[in-house]
Amino acid sequence: MTPEQLRDVVRTVVAAAVGRGALTVEVPDDVVIERPKNRAHGDYATNVALRLAKAAGRPPREIAGLLATDLAAQPGIASVDVAGPGFLNITLAQGALGQIAVRAVTAGATYGRTDVLAGQKLNLEFVSANPTGPVTLGSTRWAAVGDALARLLEASGADVSREYYVNDAGAQIERFGRSLQAVALGRPVPEDGYQGDYVETVAQQVVAEVPGLLEQPEEEQLAVFAERGVGAMVADIRSTLDGFGVHFDTFFSERTLHESGALEKAVATLREQGHVFETEGAVWLRTTDFGDDKDRVLVKADGEPTYFAADCAYYLDKRARGFDRVVILLGADHSGYVGRYKALVAAAGDDPATHLEIQIGQLVNLVRNGEQVRMSKRKGNFVLLTDLVDAVGNDAARYALARASVDQQIDIDADLWSRQTNDNPVFYVQYAHARISSVLRNAADLGLSLGEADGVDVTQLAHERESDLLRAIGEFPRVLTAAAELRAPHRVARYLEELAGTYHRFYDSCRVLPRGDEEATALTTARLWLCAATAQVLRNGLDVLGVTAPERM
RNA sequence: GCGCCCGUAGCUCAGUGGAUAGAGCAGGUGCCUUCUAAGCACUUGGUCGCAGGUUCGAUCCCUGCCGGGCGCACCA
């Protein structure tokens, strides 16, 4: 019996008690089934009696007592105890727990997936780093977390489109072009320009692409450097992210918004809604009507649209493309955007609470020799995605970045991460998978296989370590659902570490394969199913994080 | 000054109002003629920043304070 099935059973029992007048409460649609930390508290526990106490006007233990009797009579449940303030501690019948292994194996790659977000069309924007330089360590965090979140939402049934907003318009791009031009002409890079080895590389690439470029008038040169430079950077960013295993559905060009007249249209739309005003020669959006700190300029006094105007047009474009919800991952250095973004959504006539979601994540610091390395694109002194991957590999990099809560600033110790030691928990998890793979290979060599699902006797799985493992496997669907709802992919990583540990402890106490002259038994087959189920969950979980599940290590 | 995030074991960090607050690493003691010892068992280590409040119950919610990070442009 899975936790979900148990939840339904508990709800049915509550409803029955209400039906015959033993309780007068509304039957809750959601009943919390948890896995007690203390094994003495049964396989599962529910606090439903505590939750209902107030509404029923009766002491929780009394409610628990009457539910316990009914619950214990249900098939698949061995016993029910009332404990503490009114918890119901439930012990499942042996076979009921064992079915979890069969379910995980037969569901395969779909085990853990749900349809709780089915029908939702989401646009998930992340990374969106300026195309004026390579992908930095800071952006790498959002690449890892954003992609994991996308996979997580997909596992919950949502239709997710991964999007990267390319800021290929505006003064920053011109500055980038000027820097490339200066380098190509052998001049010093402007004060506010970009530095770093890549600037030279890109400049040379542009010069090589366009014969006679340096003989052209400087203004024409600049346009070429800006356009080709950005193109080269976008290509570089894209291939870097592809190599990292992060693939976007759309690279959305800001410039297309300028060129298509979408900005003017957006301003006009907002004006129709009655939230645009003009003063001091500029065009403003009255965002303060929607909770922003101050009103925001859409078109500057010099006639140039602001970045914010492009944001407005971009949001409207996403909505026009049919997305129910626009989700944006931003670094803490952009937290100031939230207020104006919510306001623009409201000003456009949408509801910020349903159509917009901005997730702010804290920054990543690099620590070297116990000292924080400051990162600045301008000075050309920064750590790149490729530096991290070169040092620790894709798997460790993705896992390490996805394993921490985005609310938490993380320090990456360069020395620690460049040492490839088992300090990195990803090895612990991957090792469990490799270990299981090895057991299953050895089983195959002995001519042993899982066989059909109806041929395995899961009541054989009665050892405490087997029960622990079955319960852990049974948690997986709920872990995915909760992680998706909370936008917290790191929960998946933490769960996998726990699952790996539970497997290692099982492995240590429970011999799977027959040794020497021993014959395979029904227990052997049941344990093979348990191993296969564990491996499946490890694969499914690692897949959400974009990390490989090696068969050998 | 205002806004957002954080403060949990020596270190890095989990912990969606529930039972005795956890993991990895680091320290200590054991376990390999047997399926991968990149493992396991035992052990050391906590005023959950401080003070109030709400609640049957608070690491979690509210308020204030202390400490750290990041923002507060007619920049992008």
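We name chains A, B, ... by the order of the sequence lines, and we start the count at 1 in each one.
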Checklist entry - Quick one: does A:N89 reach the base of B:A19 with a side-chain donor-acceptor pair under 3.5 Å? => result yes
Item to check | Closest-nucleotide 5' rank along RNA chain B - winner of A:R465 and A:P36 | outcome: A:P36
Next on the checklist: What does the 5'-to-3' dot-bracket notation of RNA chain B look like when only Watson-Crick and G-U wobble pairs under 3.5 Å count, and pairs to other strands show as |?
Outcome noted: (((((((..((((....[...)))).(((((.......))))).....(((((..]....))))))))))))....
Checklist entry - What is the minimum heavy-atom distance between A:S467 and A:L461, and which atoms define it? => result OG-O, 4.4 Å
Item to check | B:G24 versus B:A14 - spacing of their C1' atoms, nearest Å | outcome: 10 Å
Next on the checklist: Given the ring of A:Y507, does A:R435 sit roughly above its face, with NZ or CZ under 6.0 Å from the centre of the six-membered ring and within 45° of the axis?
Outcome noted: yes
Item to check | Nearest-0.5 Å distance that lies between atom OH in A:Y194 and atom OG1 in A:T132 | outcome: 3.5 Å
Item to check | Polar pair under 3.5 Å, donor/acceptor by atom type, side chain A:E304, base B:C74 | outcome: no
Next on the checklist: Assess the residue pair A:T548 and A:D395 against the criterion (side chain to side chain donor-acceptor pair (under 3.5 Å)); give the C-alpha distance rounded to whole Å, side-chain angles, the decisive distance to 0.1 Å, and a yes or no.
Outcome noted: CA-CA 7 Å; A:T548 63; A:D395 283 347; 2.4 Å; yes
Checklist entry - Which part of the nucleic acid, if any, lies within contact of A:A493, taking any heavy atom under 4.0 Å across all strands shown: a base, the sugar-phosphate backbone alone, or nothing? => result nothing
Next on the checklist: Taking B:U55 as the reference, what is the distance to B:G49 when you measure between their P atoms (whole Å, please)?
Outcome noted: 23 Å
Checklist entry - Quick one: is B:C40 close enough that its OP1 or OP2 comes under 4.0 Å of any side-chain N or O from A:Y428? => result yes
Checklist entry - Can you tell me how far C1' of B:A73 sits from CG of A:D292, to the nearest Å? => result 13 Å
Item to check | Nearest-angstrom distance, P atom, B:U47 to B:U59 | outcome: 14 Å
Checklist entry - A:R505 CZ to B:A41 P: how many Å, rounded? => result 5 Å
Checklist entry - Should the pair A:F277 and A:W284 be assigned to parallel (<30°), tilted (30 to 60°) or perpendicular (>60°) ring geometry? => result parallel
Checklist entry - Under 4.0 Å between a side-chain N/O of A:K294 and OP1 or OP2 of B:C72, yes or no? => result no
Checklist entry - Reckon A:L50 touches a base, only the sugar-phosphate, or nothing at all at heavy-atom distances under 4.0 Å? => result base
Checklist outcome for this item: The residue, A:R494 or A:R478, whose nearest nucleotide of RNA chain B is more 5′ is A:R494
Item to check | Integer-rounded Å distance: B:G39 C1' and A:H433 NE2 | outcome: 17 Å
Checklist entry - At under 4.0 Å, does any side-chain N or O of A:K300 touch on OP1 or OP2 of B:C75? => result yes
Checklist entry - Taking the same atom, C1', in B:C48 and in B:C13, what whole-Å distance lies between them? => result 14 Å
Checklist entry - What pair of heavy atoms forms the shortest contact from A:A49 to A:P60, and how long is it? => result CB-O, 3.5 Å
Checklist entry - Taking it one step at a time, do A:R175 and A:Q172 satisfy side chain to side chain donor-acceptor pair (under 3.5 Å)? => result CA-CA 5 Å; A:R175 273 209 289 278; A:Q172 196 125 255; 3.3 Å; yes
Item to check | Spacing of A:R296 atom CZ relative to B:C74 atom C1', expressed in whole Å | outcome: 12 Å
Next on the checklist: Expressed as a whole number of angstroms, how long is the span from A:R435:CZ to B:C32:P?
Outcome noted: 15 Å
Item to check | Side-chain N or O of A:S335 closer than 4.0 Å to phosphate OP1/OP2 of B:G71 | outcome: no
Next on the checklist: Between A:E278 and A:R271, is the salt bridge (Lys or Arg N to Asp or Glu O under 4.0 Å) condition met? List the steps.
Outcome noted: CA-CA 11 Å; A:E278 289 173 35; A:R271 199 188 293 274; 3.0 Å; yes
Checklist entry - Looking for any heavy atom pair under 4.0 Å, which part of the strands does A:G336 touch: base, sugar-phosphate only, or nothing? => result sugar-phosphate
Item to check | Rounded distance in Å between the P positions of B:A26 and B:U63 | outcome: 41 Å
Next on the checklist: Once you apply a heavy-atom cut-off of 4.0 Å, does A:E498 come out as touching a base, just sugar-phosphate, or nothing?
Outcome noted: nothing
Next on the checklist: Measure CZ/A:R340 against P/B:G71 and give the value in whole Å, please.
Outcome noted: 13 Å
Next on the checklist: Enumerate the salt bridge (Lys or Arg N to Asp or Glu O under 4.0 Å) contacts for residues 280-295 of chain A, please, sequence neighbours excluded, ordered by first and then second residue.
Outcome noted: A:D292-A:R296
Next on the checklist: Quick check, does A:F87 stack with B:A19? I mean ring centres under 5.5 Å and planes off by under 30°.
Outcome noted: yes
Next on the checklist: Could you check whether the side chain of A:Y337 and the base of B:A76 have a donor-acceptor pair of N or O atoms closer than 3.5 Å, going by distance alone?
Outcome noted: yes
Checklist entry - Is the side chain of A:S156 donor-acceptor paired with the backbone N or O of A:L117 at a distance under 3.5 Å, no angle test? => result no
Checklist entry - Atom CG of A:L496 to atom P of B:C13: distance rounded to whole Å? => result 20 Å
Item to check | Lys/Arg N to Asp/Glu carboxylate O, A:R505 vs A:E464, below 4.0 Å | outcome: no
Checklist entry - When you compare B:A41 with B:G57, how far apart are their C1' atoms, in angstrom units rounded to a whole number? => result 35 Å
Checklist entry - How would you label the contact of A:S509 with the nucleic acid (heavy atoms, under 4.0 Å): base, sugar-phosphate, or nothing? => result nothing
Checklist outcome for this item: Expected list for residues 519-534 of chain A near RNA chain B, using heavy atoms below 4.0 Å, is none
Item to check | Contact list for RNA chain B against residues 443-451 of chain A - heavy-atom distance below 4.0 Å | outcome: none
List, one per line, each side-chain donor-acceptor pair under 3.5 Å for residues 439-448 of chain A, sequence neighbours excluded.
from: A:R441; atom 1: NH1; to: A:E551; atom 2: O; distance (Å): 3.1
from: A:N442; atom 1: ND2; to: A:S438; atom 2: O; distance (Å): 3.3

Item to check | Ring centroid separation A:Y503 to A:F506 under 6.0 Å | outcome: yes
Next on the checklist: Please classify B:C61 as syn or anti, treating any glycosidic angle within 90° of 0 as syn.
Outcome noted: anti
Item to check | Phosphate contact (B:A19 OP1 or OP2) by A:N47 side-chain N/O below 4.0 Å | outcome: no
Next on the checklist: Which label fits A:Y314 and A:Y165: parallel for a plane angle under 30°, tilted from 30 to 60°, or perpendicular past 60°?
Outcome noted: parallel
Checklist entry - Of all the nucleotides listed (B:A38, B:C13, B:G3), which has the minimum atom distance to the side chain of A:A404? => result B:C13
Next on the checklist: With rounding to the closest Å, how many angstrom separate the C1' atoms on B:A73 and B:G52?
Outcome noted: 40 Å
Next on the checklist: Quick test of the criterion, 5.5 Å between centres and less than 30° between planes. Is A:H490 stacked on B:A14 or not?
Outcome noted: no
Checklist entry - Quantified in whole Å, what is the C1' atom distance between nucleotide B:U29 and nucleotide B:G45? => result 16 Å
Checklist entry - Using a cut-off of 4.0 Å on non-hydrogen atoms, how would the nucleic acid contact of A:D293 be classed: base, sugar-phosphate, or nothing? => result nothing
Checklist entry - Ion pair present between A:R478 and A:E475, side-chain N to carboxylate O less than 4.0 angstrom? => result yes
Checklist entry - So, are A:R511 and A:E518 salt-bridged, with charged N and O less than 4.0 Å apart? => result no
Output a table of nitrogen or oxygen pairs between the protein and nucleotides 6-11 of chain B separated by less than 3.5 Å.
from: B:C6; atom 1: O2'; to: A:Q408; atom 2: OE1; distance (Å): 3.3

Checklist entry - Could you give the CG-to-P distance, from A:D302 to B:C74, as a whole number of Å? => result 12 Å
Item to check | Basic-acidic side-chain contact under 4.0 Å: A:R255, A:E227 | outcome: yes
Checklist entry - Looking for any heavy atom pair under 4.0 Å, which part of the strands does A:E278 touch: base, sugar-phosphate only, or nothing? => result nothing
